[in-house]
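Quick caveat: nothing in here was measured; it's all calculated off a predicted structure.
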Amino acid sequence: MKRYPAQPPIPRLGLAGAPLALALLVGGCATTEVAVAPEPAAAAAEAEVSAIAGAARTYPRFSDIPTLPEDTRPLAVWGQAAGEVLGSGSDLVRDTADETWTLKGTEAFASGARQDSGPAAPLVSATAAAESFAREVRKRATPPPPPVR
């Protein structure tokens, strides 16, 4: 069985990556001195920590929590109001469900609307109106007669 060399996922990647690898190797050899921050004195740090830890502090107590205001509604009333909102929401969903929107009784609605609107307006012929408009436009478009010399 003949074996073929493994193909890299990107052709000529080895050739393109060689300069980058060389630059990284050479760059790693360069050293620069970095100034190290001075460490604080251990005795000063210990003294500061012990001073903070041993300081007398007052901590809040449960009795420091203020009482509820008198003008707020009780928790049970909040629950009742939430129940009313949820009930109104379910009523709205029920009233606007797909099967509630129908086109039944449209003829009765249309006849009632016709009666409420009163007598029908007289019909005007669109052709006659268009012809009179065209006649007026032609009169205005006619150039004036030439001047008498």
Side-chain angles (χ1 to χ4, degrees), residues 3-142:
R3 299 190 118 206
Y4 294 100
Q7 295 289 329
I10 301 173
R12 293 185 225 107
L13 180 64
L15 294 176
L20 178 63
L22 183 61
L24 289 175
L25 286 173
V26 171
C29 294
T31 59
T32 58
E33 290 189 28
V34 178
V36 179
E39 294 182 14
E46 287 179 21
E48 190 175 343
V49 168
S50 64
I52 291 172
R57 294 190 181 140
T58 58
Y59 293 100
R61 297 175 303 198
F62 283 110
S63 61
D64 295 336
I65 297 173
T67 59
L68 288 175
E70 297 294 326
D71 59 344
T72 60
R73 59 182 169 181
L75 292 177
V77 179
W78 282 100
Q80 291 172 354
E84 291 173 6
V85 169
L86 292 175
S88 298
S90 62
D91 291 345
L92 179 65
V93 169
R94 185 191 65 236
D95 292 344
T96 58
D98 289 337
E99 65 271 358
T100 58
W101 295 91
T102 62
L103 295 177
K104 295 178 182 172
T106 55
E107 290 301 321
F109 175 78
S111 66
R114 282 188 206 103
Q115 286 178 350
D116 293 344
S117 65
L123 294 177
V124 178
S125 171
T127 307
E131 287 297 325
S132 75
F133 176 74
R135 201 173 312 114
E136 290 295 321
V137 170
R138 281 190 206 105
K139 282 182 188 176
R140 288 189 303 186
T142 305

Partners meeting side-chain contact (heavy atoms from CB on, under 4.5 Å) with Arg135 (sequence neighbours left out): Glu131, Ser132
Member of Arg114, Gln115, Glu107 meeting the side-chain contact (heavy atoms from CB on, under 4.5 Å) criterion with Ser111: Arg114
Residues, nucleotides or ligands: over 12 heavy atoms within 6.0 Å of Leu92 CG: yes
Inter-residue atom distance Thr58.OG1 - Asp64.CG, 0.5 Å rounding: 9.0 Å
CZ (Arg61) with more than 12 external heavy atoms under 6.0 Å: no
Set of residues satisfying salt bridge (Lys or Arg N to Asp or Glu O under 4.0 Å) with respect to Arg57, sequence neighbours excluded: none
